Amino acid sequence: MPASKRRIPVSPPGMADPHQLFDDTSSAQSRGFGAQRGPGGLGYPAAAASPQEAFLADPVSNMAMAYGSSLAAQGKELVDKNIDRFIPVTKLKYYFAVDTMYVGKKLGLLFFPYLHQDWEVQYQQDTPVAPRFDINAPDLYIPAMAFITYILVAGLALGTQDRFSPDLLGLQASSALAWLTLEVLAILLSLYLLTVNTDLTTIDLVAFLGYKYVGMIGGVLMGLLFGKIGYYLVLGWCCVSIFVFMIRTLRLKILAEAAAQGVPVRGARNQLRMYLTMAVAAAQPLLMYWLTFHLVR
Amino acid sequence: MMQPQQPYTGQIFHPTQTYTPTTSQPFYGNNFEDEPPLLEELGINFDHIWQKTLTVLHPLKVADGSIMNETDLAGPMVFCLAFGATLLLAGKIQFGYVYGISAIGCLGMFCLLNLMSMTGVSFGCVASVLGYCLLPMILLSSFAVIFSLQGMVGIILTAGIIGWCSFSASKIFISALAMEGQQLLVAYPCALLYGVFALISVF
C-alpha cells in the first residue's frame, strides 16, 4: 500500500521549470518530481521569484498576446474598409493635392477675379487635372483651413469684446456648418429640379461654397484692426469679388453648352439655369454678412 | 490496490516534452542578469530623444527623414506636462485644455496629412512630432510667469515662437513624408494649433 498521497505544495526556488504555469501538485510524486528536476534545476539559477516572467513566457499567454494583436489588426482592417464606404478617401485626396503656388494664386483670384480670362478646368483623359496643375480646379484645402481660421478669428473677436467662452466657439462652428449644409442641399435640390446635366459633384460644391470664408476672415480681421469702417470696406470688396468668382465658375459648370460658345442665354431652360447661378452667387454675400456682423462692434 | 503512478515528467500544456535548459527562450531570460535594462524594455532611448530635441531647437538645420521612424511618445508626454507645469506656475490650472487641444489638434493634423501626402502617416508619428515641437512654447509660457505678455513685446515674442514651432514641425513632416512644395501649407495648420496654445499662455 503506497503511502497516503499528501499534497505537498512544492516550489523549490532554484528548480522551478520556467514553462510551468503553476506548481504541480497533482500527485504525491511531486516530491519525486522535484527530486528529479533537482539536477536539471540546479543547472540554471532561475528567477522563479518572478512568476510574472514565467507567465509571460508560457505558451498560452503567448497565444493570448498573438490573438490580441491579431484581433487589433482585424479591427483596424474593418475600420479602414468601412470608412471608405462613408468617406471616399481617394476622391478626397484629389482635392488636397495642392501646393503653395496654387494656394497663393487661388487666394489672389478670390480677392481679385476681374483680370482672369480662362476659367475652364483642364482635363487629362477624362479626369480633371489635379489642383496643383490647374488654378481653376476646386480644392478643399483652402475652404477647410478658412473654416477653421474663421472659427478661431471669431473666438479672438469675441475675446476682445469680453464675450468669449469656449461653448460660444462651438456654437459659431456649428451654425456656420449648418448654413453650409443647408446651402449645399438647396443647390443640389435646385439642380435636380431643373434637370441640369452637370459634372458638378457634391464635394465640388462644398469646395466652391467654402471659398467665401476667406473673405469673411479678411473682413473680420480688418474690423478688429480698424473698426466698423474697415469691416464694411473689406467685406464689401470681398462680397463683390466672390459674386463675380462664383458667376464665372458656375456658369461653366451649370450652363455648360451655352457658355462654351459664349452665346447670349436664350430659351426658358437656359434662363432658369442662369437664374439659379445668379441666385447661388447672390447668396454668398448675404451669408458672408450674416455670419460676421455680430462679431464686429 | 492503487498502482504506483508514474512520476509526472511533462509540462501541463505540452504533451511530451522534456525541458532542457538549452532550448531557446521566447522571453528575456529568467535571470536577473539576463534582463535588458528597464529603459530599453520600455522603449525610451535617451539618445534619440536628445537628437530629436536638437532638431527642433535648430529651426534652420536640415532634418533627417528617418528620425521619425520610431514613434516615441515619452518625450511629448514630458513636454506636455512641462507646459502644464509652467502654466501652473503662472496661476493657470489648465491641464485639461492642454490635453484636449492637443488631442483634437493631433487628430486634425493626422487627417490632413493623410489626405495631403502620397504615403500615409500613423497617428503616433503625428503626435510625436507635434509634441516635440511644443518645446519652444514651454519657453514662452515660462517667460509669461515673470513678465506679462500682453504688450507689444509680448505679441512679437508670441508670434516669433509660434513661427518657430510651426516651422520646425513642418520641416520634420516634409522630410519624413517627402512632400515637396507644401511646407507653408503644412506650417499653417501647425501655426493655428500652436496659436491656440499661445492663447492659453497669454490670456
Side-chain angles (χ1 to χ4, degrees), chain A residues 1-2 5 16-22 24 26-33 35-37 40-41 43-50 53-54 56-60 62-63 87 89 92-104 132 140-141 144-145 148-149 151-152 155-156 159 164 166, chain B residues 1-14 17-23 25-35 96-97 100-101 104-105 108 111-118 120 122 170 179-189 191-193 195-196 199-200 202-203:
Chain A
M1 195 95 148
K5 300 175 196 164
D17 173 19
H19 281 288
Q20 195 180 16
L21 193 55
F22 52 88
D24 181 31
S26 56
S27 70
Q29 305 302 325
S30 49
R31 265 176 302 158
F33 163 65
Q36 235 179 353
R37 285 291 177 208
Y44 48 93
S50 50
E53 278 180 345
L56 279 177
D58 182 77
V60 173
N62 275 347
M63 239 167 40
I87 308 177
V89 177
L92 277 182
K93 274 202 173 192
Y94 162 80
Y95 291 96
F96 281 93
V98 293
D99 63 350
T100 321
M101 290 290 300
Y102 169 83
V103 170
R132 225 181 237 256
L140 275 180
Y141 175 84
M145 289 298 120
I148 300 179
T149 315
I151 298 174
L152 292 178
L156 193 67
F164 179 75
Chain B
M1 277 292 245
M2 301 288 291
Q3 295 176 3
Q5 287 193 346
Q6 301 297 323
Y8 179 69
T9 56
Q11 299 157 35
I12 299 295
F13 296 107
H14 289 230
Q17 187 180 341
T18 32
Y19 175 80
T20 51
T22 53
T23 51
Q25 306 294 325
F27 59 98
Y28 273 119
N30 49 356
N31 310 335
F32 186 64
E33 294 94 32
D34 279 353
E35 275 178 30
Y97 276 128
I101 292 173
I104 297 180
C111 295
L112 185 71
L113 283 177
N114 265 331
L115 287 171
M116 273 178 79
S117 66
M118 293 294 126
S122 69
S170 61
M179 307 158 73
E180 342 89 36
Q182 291 177 328
Q183 177 155 10
L184 276 183
L185 300 187
V186 175
Y188 183 68
L192 288 181
L193 177 65
V196 177
L199 270 180
I200 304 181
V202 173
F203 292 111

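Numbered from 1 within each chain, the chains take letters A, B, ... in sequence-line order. Owing to the predicted nature of the structure, the values given are computational and were not obtained by experimental measurement.
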What part of Y102(A) gets closer than 4.5 Å to chain B, counting heavy atoms only: side chain, backbone, both or neither?
-> neither
Step by step, work out the side chain to side chain contact (heavy atoms under 4.5 Å, CB included) result for M145(A) and L185(B).
-> CA-CA 10 Å; M145(A) 289 298 120; L185(B) 300 187; over 6 Å; no
With L156(A) via side-chain contact (heavy atoms from CB on, under 4.5 Å) - residues at least two apart = L224(A), L199(B)
Hey, could you give me the OH/CG distance between Y95(A) and L115(B), rounded to the nearest 0.5 Å?
-> 12.5 Å
Residues forming a side-chain contact (heavy atoms from CB on, under 4.5 Å) with L184(B), sequence neighbours excluded = T100(A)
Is the closest side-chain heavy-atom distance between F96(A) and C111(B) below 4.5 Å?
-> no
Hey, what do you get for CD (E180(B)) to CZ (R132(A)), rounding to the nearest 0.5 Å?
-> 5.5 Å
Separation between CG of L92(A) and CG of N114(B), rounded to the nearest 0.5 Å = 11.5 Å
Side chain, backbone, both or neither: which part of M179(B) has a heavy atom under 4.5 Å from chain A?
-> neither
